[in-house]
Amino acid sequence: MSTTGATADPLAALGALPGVAESVESVRKAVDRVYGHRIMRRRSNEITGEAGLRGARGSAALSGADWALEEVRRRTDFSGDDEARVVGAALRLTAEAGQLLSVWRQSPLRVLARLHLVAAAGSGGEVGRPRQDGEPVDEPLVELPLPGAAEVSARLEGLAELIIAGGSAPALVTAAVVHGELLALRPFGSHNGLVARAAERIVLVGSGLDPKSVCPAEVGHAEPGRAAYLAALDGYVSGTPEGMAEWIAHCGRAVVLGARESTAVCEALQRGAA
């Protein structure tokens, strides 16, 4: 996303694209339904925990480790193979994201570096910092042209400036842009998809749209399948108004599906308590 030009608040301008207001409204209604459920008044911590688990499973599935929810719930060792490590990274990011909310608005780049450090769980010199020219990127499921290091640095700085400045854009729009930009740039040598989805979650929670983190958008991104996810991402990368609007709408549908998932969890808990 270009952050230059005559528009003082480009994120707010995206909010004015055709269809985006409708997506924002549908998200708000879906989130309100979850928060208005009677179970949320008594057992919100359980809903948050379950949403985190399901969100991590969905994010891992989009990064190539499509495990059953009960397998994710059951496992304690995530070091055995590549898929297990992806699931472990997604779970760590879910746990870590909630600790970074207060830092995000002041230093989003520091948060992104921390998220990559947590996901990669390594100590190499390339971990926790944007990649340099010539360094490989292990993100085989995102087959898009890879921007050079200078472009990555400039666009990350522009994104950080927008976040720090704030503005009037709806939380959904900001979250969609953060998510899409990180996937388009793939600023780190690995785990970019996991980091992008964790950053989207931070925006949705930190904005106050989903303060208890009970509407896992990762579930909604995974449900239609990886092909639909990547097709929507193509729209973002195109930079056209239609493509950007479709990506934002895709992210909106993901939040709605995540909210429905947690509503179903609330219903199940209510039946069990009856």
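In this chain, numbering begins with 1 at the start of the sequence shown.
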### Task
Among residues two or more places apart or on two chains, list those pairs meeting side chain to side chain donor-acceptor pair (under 3.5 Å) that have a residue in residues 133-142.
Arg129-Glu135, Glu139-Asn192

## Note on the structure
When every non-hydrogen atom of Gly243 is compared with those of Ser238, the smallest separation belongs to CA-OG, 3.9 Å

### Asp210 CG to Leu172 CG distance, which is reported to the nearest 0.5 Å
12.0 Å

List, one per line, each side-chain donor-acceptor pair under 3.5 Å for residues 95-107, sequence neighbours excluded.
unit_1 : atom_1 : unit_2 : atom_2 : d
Glu96  : OE2    : Arg114 : NE     : 3.0
Arg105 : NE     : Ile163 : O      : 3.1

### Message
When you compare the side chain of Cys215 with that of Val34, does any pair of heavy atoms fall below 4.5 Å?
### Response
yes

### Message
For residues Phe78 and Val195: do they belong to one hydrophobic cluster (side chain heavy atoms under 4.5 Å, members Ile, Leu, Val, Met, Phe, Trp, Tyr)?
### Response
no

### Query
So, do Val177 and Leu159 sit near enough that their side-chain heavy atoms are less than 4.5 Å apart?
yes

### Query
Is a side-chain donor or acceptor of Arg131 paired with a backbone partner of Glu126 at a separation under 3.5 angstrom?
no

### Query
Atom CG in Leu156, atom CD in Glu181: separation rounded to 0.5 Å?
7.5 Å

### Query
Should Leu14 and Val20 count as side-chain neighbours, where that means a heavy-atom distance under 4.5 Å?
no

### Message
Could you report the tightest heavy-atom contact between Ala259 and Ala30, atom names first, then the distance?
### Response
CB-O, 3.7 Å

### Message
For His179 and Trp247, take the angle between the two ring planes, folded into 0 to 90°, and tell me which bin it lands in: parallel under 30, tilted 30 to 60, perpendicular over 60.
### Response
perpendicular

#### Entry: 4.5 Å side-chain heavy-atom contact, Val219 and Leu257
no

### Query
Parallel under 30°, tilted from 30 to 60°, perpendicular over 60°: which one fits the rings of His191 and His116?
perpendicular

### Query
If you measure from the Lys or Arg side-chain nitrogens to the Asp or Glu carboxylate oxygens, is any gap between Lys29 and Asp32 under 4.0 Å?
no

### Query
Of the non-hydrogen atoms in Pro211 and Val205, which two are nearest, and what is the gap between them?
O-CG1, 3.6 Å

### Task
Flag yes if Leu91 and Leu115 sit in one hydrophobic cluster, no otherwise; membership is Ile, Leu, Val, Met, Phe, Trp, Tyr, and two members link when side-chain heavy atoms are under 4.5 Å apart.
no

### Query
Looking at CG of Leu162 and CG of Leu11, how far apart are the two atoms once the value is rounded to the nearest 0.5 Å?
5.0 Å

### Message
Working to the nearest 0.5 angstrom, can you tell me the gap between Glu46 CD and Leu269 CG?
### Response
5.5 Å

### Message
With clusters defined by side-chain heavy atoms of hydrophobic residues (ILVMFWY) lying less than 4.5 Å apart, directly or transitively, does Val127 cluster with Val137?
### Response
no

### Query
Which pair of non-hydrogen atoms, one from Ala245 and one from Leu17, has the smallest distance, and what is that distance?
N-CD1, 4.0 Å

### Cluster link Val214 to Leu53, ILVMFWY, side chain under 4.5 Å
no

### Minimum side-chain heavy-atom gap Leu209-Arg28 below 4.5 Å
yes

### Side chain to side chain, Val265 and Ile39, heavy atoms closer than 4.5 Å
no

### Message
Any side-chain to backbone donor/acceptor pair from Ser26 onto Ser23? Under 3.5 Å, distance only.
### Response
yes

### Query
Hey, what do you get for CG (Leu230) to CG (Leu144), rounding to the nearest 0.5 Å?
7.5 Å

#### Entry: Non-hydrogen atoms of Ala90 and Leu194 that approach each other most closely
CB-CD2, 4.0 Å

#### Entry: Same cluster (ILVMFWY, side-chain, under 4.5 Å), Val111 and Val118
yes

### Message
Distance alone, cut at 3.5 Å: any donor-acceptor contact between the side chains of Ser59 and Arg201?
### Response
no

### Task
Without swapping roles, check the side chain of Arg226 against the backbone of Ala61 for a donor-acceptor pair under 3.5 Å.
yes

### Message
Surrounding CZ of Arg75 (heavy atoms of other residues, nucleotides or ligands, distance under 6.0 Å), is the total greater than 12?
### Response
yes

### Residue from Glu200, Arg253, Arg197 passing side chain to side chain donor-acceptor pair (under 3.5 Å) with His221
Glu200

### Message
Once rounded to the nearest 0.5 Å, what's the spacing between atom OG of Ser168 and atom CG of Asp9?
### Response
4.5 Å

### Query
Any side-chain heavy atom of Leu62 sitting closer than 4.5 Å to one from Leu141?
no

#### Entry: Test item: Arg54 side-chain N/O and Ser262 main-chain N/O as donor-acceptor pair under 3.5 Å
no

### Query
Would a 4.5 Å heavy-atom cut-off, applied to side chains only, mark Arg42 and Gln270 as touching?
no

### Query
Is Arg57 salt-bridged to Glu70, cutoff N-O under 4.0 Å?
no

### Task
Could you tell me which non-hydrogen atom of Leu93 sits nearest to which non-hydrogen atom of Ala119, and how far apart they are?
CD1-CB, 3.8 Å

### Task
Show your working on side chain to side chain contact (heavy atoms under 4.5 Å, CB included) between Tyr236 and Met244 and close with a plain yes or no.
CA-CA 5 Å; Tyr236 178 88; Met244 297 292 286; 3.5 Å; yes

### Message
For the backbone of Lys212 and the side chain of Tyr35, can you confirm whether one donor and one acceptor N or O come within less than 3.5 Å of each other?
### Response
yes

### Message
Using modelled atom types and a 3.5 Å cut-off, is there a donor and acceptor pairing between side-chain atoms of Ser153 and backbone atoms of Ala150?
### Response
no

